[in-house]
Amino acid sequence: MSAPRHPHPRRWAALLFISIAQLMVFLDSAVMNIALPSAQHALHFSDGGRQWVITAYGLAFGGLLILGGRLGDLLGRKRAFTIGLVGFALASALGGAANGLGVLLIARAGQGVFGALLAPAALALISLTFTDARERAKAFGIYGAIATAGGVLGLVLGGVLTEYLNWRWSMFVNIPFAVVGIVGALTVVHDVPGAERRGRIDLPGAILATLGLVALVFGFSEAESRGWGSGLTVAMLVGSAVLLLAFLITQGRIASPLLPLHVLTERNRAGAYVSVAFGVMSMFSMFLFLSYYLQLVKGYSPVAAGFAFVPLGVAQGAGSMLLGTRLSARMRPGLLMAGGYLVSGVGVLLLALLHEHSSYGLLAVAEVITGLGIGTAFMPAMSLGTHGVAPQDAGVASAMVGTSQQVGGSVGTALLNTVAASSTAAYLAAHRGHGGAATPAALVHGFSVGFWWAAGFLAVAALFSFFAVNAPRPEHGSAAAGAEALEAPAPVH
C-alpha cells in the first residue's frame, strides 16, 4: 500500500470554491424553469419549443455524464473542472444574449455538455482531497448542504430575476458563479498527483453509453408529454435498454473500459447509487407537485412560491451539515441513510394530507421533516458513491452519482406526473361524471396520490440502504482501511 498523503493545507478553501461551482449547476435548472414562460413570450416560440429548452440541457447533461467523468480521469479533475466552468459560463452568456429559440437551445445544450464535465470532476476532487474519515464527513456535509440549497435558491432567484429584471438574467446569473469557481480552481483547488488514468478513451463504450442514456432521458421526457403508449416513447425506452446492455457487456470484455464494472458491482457503491436514484425520484416529483399546488391551488405568485420552499432548503442544509455529519461517526452509513429516507418519507406523507384550504404551517412542517431526512441520507450516500475507488477511477465513480440523480429525476418526474394526472382525471369523472377543467379539489387529489407514490420510493431507498450498504462506521479504521474494506469483493444482494 502506498504511503498516506498529507492533506492539502488549503483544502477547506478549495471545498468552498468547488461547492459554489456545483451550486451553479443545481441553481441553473431551477432558475430556468421559473423564467421559461417569460423567455417563450419574448422569443415567440411554441409550447413544443418550451419543452425542448428543458430537454436540450437534460439530454446533453445526462447523456454525457459517464464520458465526462472518464475525461476527468484522463485529463485530471482540476483541468476538467476548470474547462467545465469556462464552457458553462460561455454557454450561459450565449443563452442570455439569444435572439431566437435556436440559439437558446444551443446554449442550453452547451450548458449540459460542460455541466457533464464539471459535475463529476467537482465530486471527485472532494473525494480525493478529503481522505480522513471525520474530515470527509464534514466535507460532504458542507458540499451536500450547498448543493441541495441550489434548487431552492434557484426557485427564489428565478422568480425575483424574472419579475423584477427579465428572463435573460436567469442565464447571465451563472457567470459570476463561474468566475468565482474559476478563480478558486486556479488558486486553491488541488488535484492528486499521478491520479490520472493513462490510456485512450473507450470510443465504442462512449458511443453506447451516451446514446443509451440520451435515449433513456428522452424516452421518459416523451412519456411525460406524449404518454407511455406513444410509439416514440416505447422505441426510446427499448432502444435505451438494448444500448445500455450492450455497453455493460462490452465494458467487461475490454482492457481499458469507460466504466470499470467493479465501480458498479461493489455492494456499498451500488446501494448508494440505487438509493440516490429512488430518493431523487421522490424529491423531483415533490418539487413539481408543490410548485403546482402553491400556484394553481393556493394562487401564489412565482416569487411567493419560490420563497415557500425556503424551509425545505434550510432543513436540507441542516440535515446534511449537522445531522448527517455528526451521526456518521455514531452509526454505519447504511443505517443512517435508511433512517434519513424514512424520516423524509414521513414528511412526504404529511404533504399527502394537504387539501385546498390547508395552512402554510402544515406545508412548512412537512418541508422541514422532508428536508432534514433527505439531507441526512444524501450526505453518506454521496460519500459512499466515490469512496473506495482507486484515484484514477474517481471521476467515473462520481459520474455514476450524477447519473443516478439524472435518471431518477427523469423517471420520477415522468412516472409520478402521469400518476397524478390520471388520478385527477379519475376524480373528475367520479365526481362530475365527465371530464373538463380540473378543479382545485381534483388537482389536490392527484397530488396526494403522487405524494403517496413518492413516499413509497423513499421506502424503497431505505430498504436498499439498509440491506445493501454494509460498510462500517468511518471511525472503525483509517480512511485507507475503509477504502480497502469497500474494495473487498462482495456481491450485490
Does [X] reach the main-chain N or O of [Y] with its side chain, forming a donor-acceptor pair under 3.5 Å?
{"X": "S448", "Y": "V444", "value": "no"}
{"X": "R267", "Y": "F467", "value": "yes"}
{"X": "S404", "Y": "A277", "value": "no"}
{"X": "Q251", "Y": "L261", "value": "no"}
{"X": "S465", "Y": "A461", "value": "yes"}
{"X": "T403", "Y": "A399", "value": "yes"}
{"X": "Q40", "Y": "F45", "value": "yes"}
{"X": "N268", "Y": "A471", "value": "yes"}
{"X": "T424", "Y": "A420", "value": "yes"}
{"X": "R77", "Y": "L125", "value": "no"}

If you look at every heavy atom in [X] and [Y], which pair is closest and at what distance?
{"X": "A454", "Y": "V348", "result": "CB-CG1, 3.9 Å"}
{"X": "P440", "Y": "E356", "result": "CB-OE1, 3.5 Å"}
{"X": "R269", "Y": "H262", "result": "NH2-O, 2.9 Å"}
{"X": "G347", "Y": "I369", "result": "N-CG2, 3.6 Å"}
{"X": "G395", "Y": "D73", "result": "N-OD1, 2.6 Å"}
{"X": "V449", "Y": "S423", "result": "CG1-OG, 3.3 Å"}

Answer yes or no: is there a side-chain heavy-atom contact under 4.5 Å between [X] and [Y]?
{"X": "P204", "Y": "T250", "result": "no"}
{"X": "D393", "Y": "R70", "result": "yes"}
{"X": "V460", "Y": "M281", "result": "no"}
{"X": "S240", "Y": "L244", "result": "yes"}
{"X": "V263", "Y": "Y273", "result": "yes"}
{"X": "M24", "Y": "L85", "result": "yes"}
{"X": "L363", "Y": "L294", "result": "yes"}
{"X": "Y292", "Y": "L443", "result": "no"}

Plane angle bin for Y57 and F61 - parallel if under 30°, tilted between 30 and 60°, otherwise perpendicular: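 Aromatic pair F61/Y57 classed parallel.
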Ring geometry between F451 and F289 (parallel below 30°, tilted from 30 to 60°, perpendicular above 60°):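 Rings of F289 and F451: perpendicular, as their planes differ by over 60°.
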Can you measure from [atom1] ([X]) to [atom2] ([Y]) and round to the nearest 0.5 angstrom?
{"X": "L258", "Y": "T210", "atom1": "CG", "atom2": "OG1", "result": "7.5 Å"}
{"X": "L128", "Y": "S398", "atom1": "CG", "atom2": "OG", "result": "7.5 Å"}
{"X": "T233", "Y": "F218", "atom1": "OG1", "atom2": "CZ", "result": "8.0 Å"}
{"X": "L216", "Y": "L211", "atom1": "CG", "atom2": "CG", "result": "12.5 Å"}
{"X": "L117", "Y": "L65", "atom1": "CG", "atom2": "CG", "result": "10.0 Å"}
{"X": "Q22", "Y": "I126", "atom1": "CD", "atom2": "CD1", "result": "7.5 Å"}

Chi angles and distances behind the side chain to side chain contact (heavy atoms under 4.5 Å, CB included) call for I374, L458: CA-CA 9 Å; I374 205 68; L458 288 167; 4.0 Å; yes
R168 atom CZ: more than 12 heavy-atom contacts under 6.0 Å: yes
Audit row: L118, F81, side chain to side chain contact (heavy atoms under 4.5 Å, CB included) steps and yes/no: CA-CA 5 Å; L118 164 64; F81 180 71; 3.2 Å; yes
Ring centres under 6.0 angstrom apart (F88, F177): no
F220 ring center near W228 ring center (under 6.0 Å):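 Yes - the distance between ring centres of F220 and W228 falls below the 6.0 Å cut-off.
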S275 and Y341 side chains, donor-acceptor separation under 3.5 Å: yes
Test log, rule side chain to side chain contact (heavy atoms under 4.5 Å, CB included), inputs L94 and M171: CA-CA 8 Å; L94 177 65; M171 301 291 281; over 6 Å; no
L351/L354 under side chain to side chain contact (heavy atoms under 4.5 Å, CB included): CA gap, chis, key distance, verdict: CA-CA 5 Å; L351 292 174; L354 292 173; 3.9 Å; yes
Reference residue M337; test side chain to side chain contact (heavy atoms under 4.5 Å, CB included); the match among T376, L342, L384: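 Testing each of T376, L342, L384 against M337, the sole residue satisfying side chain to side chain contact (heavy atoms under 4.5 Å, CB included) is L384.
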